[in-house]
Number of protein chains: 2
Amino acid sequence: MSRQHGYDLIERIGNLLRAEARQAGAGHGLQPVQLQALAYFARANRYSDTPAALAEYLGVTKGTASQTLMVLEALGLVSKREDKDDRRVTRVQVTAKGHQLLDKLLPPALWRNASAELSAAAAQRIEDELVRLLRVLQQVNQSRTFGVCNTCEHFLREGGRKFRCGLTAEPLSIEESRLICREHELKTGT
Amino acid sequence: MSRQHGYDLIERIGNLLRAEARQAGAGHGLQPVQLQALAYFARANRYSDTPAALAEYLGVTKGTASQTLMVLEALGLVSKREDKDDRRVTRVQVTAKGHQLLDKLLPPALWRNASAELSAAAAQRIEDELVRLLRVLQQVNQSRTFGVCNTCEHFLREGGRKFRCGLTAEPLSIEESRLICREHELKTGT
DNA sequence: TTATTATAGTATCGAGTCGATACTATAATG
DNA sequence: CATTATAGTATCGACTCGATACTATAATAA
């Protein structure tokens with residue numbers, strides 16, 4: 001019935017959620033971008049917990065990403081440490097305080113309430129279509145997918161509960177296999 | 001397959017499109033928000049072409065909306081005029097230059113290319129689910145829907161090609177009935 | 001009528017985003 | 001060992017955006 005185009009719809013939805021995220025974060029002195037960055041590191045695996053990866057994920061320059069991180073660090077929501085092997089890289093962890101805040105703020109109340117209004121089936125349909133849309137966009141944009149490790153082209157099952165990354169050849173824990181990875185690639189033929 | 005949650009998906013999609021919109025507008029000295037505002041006025045009907053309506057649409061304060069408009073006016077993309085009946089209100093029109101720019105920039109190339117990759121049926125499925133999601137969000141948020149006039153609860157067909165708004169009692173042209181309206185309300189039982 | 005209150009919009013300020021540029025430090029490559 | 005690439009930071013300027021205060025006009029109440 002509605003004659004709105006897809007792009008307008010996405011814009012509308014984005015505006016509503018952004019306004020909500022702004023309000024949610026404002027109470028704790030956080031901008032929407034900062035909240036997104038915090039959420040990213042809470043779900044990033046060991047190949048993806050760096051400022052450079054955040055910049056790619058958010059689609060901003062590394063300078064901007066660096067600034068965002070400085071704010072989060074000053075607030076005690078994340079901590080940094082130097083990588084042992086490559087002393088150029090900095091690794092970022094979410095602190096207990098950061099995790100606590102995330103649990104409280106994300107997803108925002110509007111989203112939670114909206115989800116409650118939907119049947120499980122309806123929510124699943126929406127999610128399925130969103131996944132399709134995202135994949136096409138990423139494919140066209142040739143951007144990294146930042147998918148979950150165990151859905152990756154490089155993910156190997158070595159029998160039982162043993163997993164390995166085919167790209168780095170390193171073994172992976174179950175927990176690790178559920179985090180998002182910068183090197184994630186869509187399985188061919190999916 | 002994917003274990004990402006709906007909210008993360010929306011965030012990802014939003015980031016990709018926002019980065020694209022930023023790039024598109026940057027070449028013409030426009031910020032993403034300014035482009036959105038311009039697009040809004042290009043599709044706003046006569047009840048909705050004011051700074052206050054823009055503020056509601058974008059979810060920002062009227063001060064912010066006013067500033068955004070000042071930029072667009074300085075660039076010659078919109079023009080303002082006083083309302084005849086209520087001298088407090090300002091009406092905003094997109095200039096020829098503004099329309100020209102919009103045609104060039106929106107929807108952004110990424111979206112156009114992605115659409116080209118999808119079958120008509122797949123695109124329709126995505127759009128349908130986006131509409132559902134948006135409606136639930138608006139319902140929960142109790143925000144205005146900003147829908148197209150002829151999908152409104154107040155829209156009246158008076159036989160043939162004659163239409164009328166049941167809220168203001170004014171007659172509507174066919175063209176007008178295709179624009180978005182600040183007073184739009186979802187039909188009950190849809 | 002006249003006071004009060006509500007609404008539309010602008011002006012101004014400060015905190016923050018974000019891109020651009022330049023820079024340092026380390027690693028990889030020739 | 002020189003060159004080049006990469007990770008990250010520092011700094012600056014243009015801009016967003018909320019908060020607050022303000023003006024002008026309209027609607028409402030006394």
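To find a chain, count down the sequence lines: A is the first, B the second, and so on, and within it residues start at 1.
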- Query: For B:D128 and B:Q124, does a side-chain donor sit closer than 3.5 Å to a side-chain acceptor?
  - Reply: yes
- Query: Checking only heavy atoms, does the side chain of B:R88 share a donor-acceptor pair with the base of C:dT7 at less than 3.5 Å?
  - Reply: yes
- Scanning both residues in full, the closest heavy-atom pair of A:V136 with B:L118 reads CG2-CD2, 3.7 Å
- Taking OP1 and OP2 of C:dG9, is either one under 4.0 Å from a side-chain nitrogen or oxygen of B:S66? no
- Task: Give the nucleotide from the list C:dG19, D:dT16, C:dA27 with an atom nearest to the side chain of A:R87.
- Result: C:dA27
- Query: Are A:Y47 and A:E170 linked by a side-chain donor-acceptor pair shorter than 3.5 Å?
  - Reply: yes
- Starting from C1' on D:dA7, measure out to CG on A:L54 and report it in whole angstrom. 13 Å
- Would you call the rings of A:Y40 and A:Y57 parallel, tilted or perpendicular if under 30° counts as parallel and over 60° as perpendicular? tilted
- Query: Over how many whole Å does the gap from A:E20 atom CD to D:dG18 atom P extend?
  - Reply: 14 Å
- Query: Starting at the 5' end of DNA chain D, which residue's closest nucleotide do you reach first, B:D85 or B:Q31?
  - Reply: B:Q31
- Between A:G63 and B:K62, whichever has its closest DNA chain C nucleotide further toward 5' is B:K62
- Item | D:dG18 base / B:T64 side chain donor-acceptor hit below 3.5 Å | yes
- Query: For residues A:T68 and A:Q34, is any side-chain donor paired with an opposing acceptor at under 3.5 Å?
  - Reply: no
- Within residues 68-80 of chain A: residues closer than 4.0 Å to DNA chain D (heavy atoms): A:M70, A:K80
- Message: Rounding to an integer number of Å, can you tell me how far A:Q23 CD sits from D:dC17 P?
- Response: 15 Å
- Message: Without decimals, in angstroms, what is the distance between B:Q36 CD and D:dC17 C1'?
- Response: 14 Å
- Query: Looking at side-chain heavy atoms only, is the closest gap between A:E158 and A:F163 below 4.5 Å?
  - Reply: no
- Nucleotide of C:dG9, D:dG8, D:dA5 approaching A:V89 most closely (side-chain heavy atoms): D:dG8
- Rounded interatomic separation in angstrom, taking CD from A:E82 and C1' from C:dT26: 10 Å
- Task: With DNA chain C as reference, determine whether A:Q67 or B:P51 sits nearer its 5' end, using the nearest nucleotide of each.
- Result: B:P51
- DNA chain D: 5'-proximal contact among A:R22 and A:A53 (nearest heavy atom): A:A53
- Note on the structure: Residues pairing under ring-ring contact (aromatic ring centres under 6.0 Å, His included) where one sits in residues 109-144 of chain A, two or more places apart or in two chains, turn out to be A:W111-B:Y7
- Assigned partner base of D:dC22, Watson-Crick or wobble definition, under 3.5 Å: C:dG9
- Task: May I ask you to evaluate whether A:T90 reaches the phosphate of D:dA7, defined as a side-chain N or O under 4.0 Å from OP1 or OP2?
- Result: no
- Query: Counting only heavy atoms not in A:Q93, do more than 12 fall under 6.0 Å of its CD?
  - Reply: yes
- What is the distance, rounded to the nearest whole Å, between atom CG of A:L30 and atom P of C:dA15? 17 Å
- Whole Å only: how far is the CG atom of B:D86 from the C1' atom of D:dA24? 11 Å
- Round to a whole Å and report the spacing from CG of B:D83 to C1' of C:dT7. 13 Å
